[in-house]
Amino acid sequence: MSWDSFVWFALAASLFWISGAIVSVISKRRLPAAVLTGCGSAIFMTFIVGVWISLGRPPLRTMGETRLWFSLFLSLIGLVVYLRWRYRWVLPFGCLMAVMFASINIFKPEIHTEELMPALRSPWFVPHVIVYMFAYAVMGIATILALRILWLTRRSAAGSALAPGSTTPATVDAAASPLSPSLQGDLRLCDTLVRMGWGFITMGIVMGALWAKQAWGDYWTWDPKETWAAATWLSYLLYMHLRQGSALSSVTSAGSVTIARQNSPAIEVASHSNKALRRTLFLLIFSFLLLQMCWWGVNYLPSAQGFSLHTY
Amino acid sequence: MVVAGHTFGLLAALLYVCLLVVIYVLRDRWPLFRHLAGRKACLTSISIVLFLLLVFGLVPQDGGRDGFFGVLGFRNMSRSPIFILALLLLATSVTLNTIGDIHRFSKHRLGVTCAHLGLSVILIAGLFGSGGTVRTVMIAMPNVPDHQARNEVTYEYVKLPFELTLRDFSVYEYSSEVTLTLPDGRSSEIKIAVNHPAKVGSWWIYQSDYLSDTERGEFASIFKCVCSPLSEVFSIALWLLLVSAAAMVFFAGFKPSFGKKGPLSVKLQDGAAPLGCETFNEKEERL
């Protein structure tokens, strides 16, 4: 199987993905949408396996090749989130992004068929790149969730995104109002995805370090790509620590909430004031921009030209 | 020289860890120590290192000393005093949290404890262990025994505790057939290739590059010989971090408590203390 047949596989997969996305929106049953999306992913996976066999090496070397995996993982993660957490809108988003990246590969393939250079002939190569691609896709979905929450909390000043029946006490400003259950669910899923994605990024970094030691004798050399990878990793780590500590800090800072509702048997305290929450979510979007810099931006960065082993 | 640098680094690292244990023990008596072990110090150290990384990522790392960034040492990040101080602050924060995790060990926080421990070992070994590492480059001519290599940093010649004789080099496989001779006279035939280094004691020999003599049709091999006594420590810490990350992925995706009752909301009974994901020092601050 060669890259000449990619357009047909991409079209067939895209057709299934778009159908799955539409069905997930219009139908209450999850199975038809899951089957359609799964078929699209299976077709795309078939092409990847075929190219892997025909090239005699894993298609993970060029930008075009890594985008293949990104498209596949986006559709799969959208499917898993849809089935596991029942988020209907994540599937269309994931599928549309997968179609978009598959389309980029049709119009701007950046495909090279040359053999792998010796340094890339390592058992670490495939897991290192695949876990990174998986992390990119997971963080992509988390970013979409963050954008959705930001968009909806923007309207919360008018009260539409507040929890039903929540009467904001006079001692609490509007920004500290609890989120609606739906947005709380989005936020929980966002945190779960970031935790998962950060785990994948960590695995990618560690595998890269172990590989670098085996190939070049140094675990870490602060190559520009490594610098941006470390920045991305720390940025997501900062997000997780801010979110982790948010419950306590909001409780202590919102002591007035406790006083205002002393008669209630139990109080559901919002984990963040909306303002602080929005700042944290902006950090998540910033982290995703850093991820893009780490993935492909570094190839165009003047400071990396001539200094990076990773520019390709 | 290697042994001296290594011993000094090891002693410094041990002293540093002892100092952190003292800080942890005395954190209730000294507000500064309490803050150092607190969440704010953790967030601050991550933010400072992140900011510096963004600057280093945008400035070419050519080692130059001219210009605004050159004068401030921003063109050579691995030798930048500001960056080393920032990493030291991060190491302090992570290690204090690790000591707290170990002191108040809970199996529910095993993944976080392992991640903290792995990260603090990596940071401490990186900050204090680099003094004992020697990186040299050897150009091995065909069939000429050699035991000297040039230090990558000082450019001085270093006498290696072994002798290498290049027998053959394959351009396609990027590998060398070499005779390795030890000081006691024992010798063996070994193959050194990219991703497949040879190990002699605490020295690692890597296939780095090659030179070709097109007229004679011969090749000289360039080896990188690295002595890194703390290599195994790094390796163990990295594997620890890898396992913690894998556990994090698994539990983030499948553990019900993450999906249903995540860290978002905290239920408070009247007058009851908040429960959840607070760190040991936050808990103490609250109490």
Side-chain angles (χ1 to χ4, degrees), chain A residues 80 84-85 118-119 121-122 184 187-189 191-193 195-196 198-200 202-203 206-207 209-211 213-220 222 224 227-228 230-231 234-235 237-238 241-248 251-252 258 262 264-271 293 298 301-303 307, chain B residues 39 42-43 46-47 49-50 53-54 56-62 77-78 115 126 135 173-174 193-197 204 206-208 224 226 228 231 234-235 238-239 241-242 244-250 252-253 258-260 262-270 274 276-279 282 286:
Chain A
V80 169
R84 168 71 175 80
W85 287 281
R121 294 178 207 155
S122 162
Q184 287 192 21
L187 196 55
R188 273 197 293 271
L189 178 60
D191 288 345
T192 302
L193 289 176
R195 219 175 282 128
M196 192 189 282
W198 186 84
F200 278 119
T202 308
M203 287 164 74
V206 171
M207 285 175 186
L210 291 168
W211 177 12
K213 174 66 182 169
Q214 213 170 49
W216 295 285
D218 290 300
Y219 289 104
W220 198 263
W222 294 114
T227 305
W228 286 102
L234 279 175
S235 190
L237 189 67
L238 187 61
H241 278 77
L242 283 169
R243 289 288 302 132
Q244 191 191 26
S246 65
L248 184 80
V251 170
T252 47
T258 314
Q262 258 182 351
S264 312
I267 302 162
E268 187 84 18
V269 181
S271 72
M293 181 63 98
V298 76
L301 203 64
S303 63
F307 295 104
Chain B
R39 181 169 165 266
C42 164
L43 295 176
I46 294 174
S47 304
V49 176
L50 173 60
L53 284 175
L54 296 180
F56 288 125
L58 293 170
V59 176
Q61 296 301 304
D62 54 6
M77 66 187 295
S78 53
R135 292 180 183 82
E173 288 186 3
Y174 220 81
V194 176
N195 286 313
H196 299 283
W204 289 85
Y206 297 89
Q207 180 67 53
S208 175
K224 189 172 175 180
V226 180
S228 178
S231 176
F234 269 113
S235 192
L238 283 169
W239 277 103
L241 204 57
L242 188 66
S244 321
M248 185 172 255
V249 167
F250 181 78
F258 282 98
K260 290 178 182 172
L264 177 73
S265 58
V266 179
K267 279 212 167 184
L268 282 183
Q269 297 293 334
D270 286 346
C277 47
E278 57 193 328
T279 59
E282 286 163 353
R286 175 169 56 75

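In what follows, chains are A, B, ... by sequence order, proteins preceding strands, each numbered from 1. Note: hydrogens, waters and symmetry copies are ignored here, and every other heavy atom, side chains too, is used. What you are looking at is a predicted structure, and each value in this text was computed from that prediction instead of being measured.
Among B:K224, B:M77, B:H196, the residue making the largest number of heavy-atom pairs under 4.5 Å with chain A is B:M77. Among B:S78, B:S231, B:A115, the residue with the largest count of heavy-atom pairs under 4.5 Å with chain A is B:S231.
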Going through the distances and angles, do A:D218 and B:R135 end up as a side chain to side chain contact (heavy atoms under 4.5 Å, CB included)? CA-CA 9 Å; A:D218 290 300; B:R135 292 180 183 82; 2.4 Å; yes
Please walk me through it: do B:V194 and A:W216 pass side chain to side chain contact (heavy atoms under 4.5 Å, CB included)? CA-CA 8 Å; B:V194 176; A:W216 295 285; 5.8 Å; no
Mind running side chain to side chain contact (heavy atoms under 4.5 Å, CB included) on B:M248 and A:T202 for me, showing each step along the way? CA-CA 10 Å; B:M248 185 172 255; A:T202 308; over 6 Å; no
Checking side chain to side chain contact (heavy atoms under 4.5 Å, CB included) for the pair A:Q214/B:W204: CA distance, chi angles, key distance, verdict? CA-CA 9 Å; A:Q214 213 170 49; B:W204 289 85; over 6 Å; no
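Interface remark: A:W228 contributes side-chain atoms only to the contact with chain B (heavy atom separation under 4.5 Å). Contact annotation for A:F200: both backbone and side-chain heavy atoms come within less than 4.5 Å of a heavy atom of chain B. At a 4.5 Å heavy-atom cutoff, A:W220 makes no contact with chain B through either its backbone or its side chain.
A pairwise comparison of heavy atoms in B:A245 and A:G199 identifies CB-O, 3.4 Å as the closest pair. The heavy-atom pair separating A:L210 from B:S235 by the smallest distance is CD2-OG, 4.2 Å. The minimum heavy-atom distance linking B:R39 with A:L242 is given by the pair NH2-O, 3.5 Å. Here the closest heavy-atom approach between residue A:L301 and residue B:G57 is recorded as CD2-O, 3.3 Å. Annotation for B:L50 and A:L238: closest pair CD2-CD2, 4.3 Å, computed over non-hydrogen atoms. Heavy-atom minimum distance, B:V226 versus A:G217: CG1-O, 4.1 Å.
The CE atom of A:M293 sits 9.0 Å away from atom CG of B:L54, with the distance rounded to the nearest 0.5 Å.
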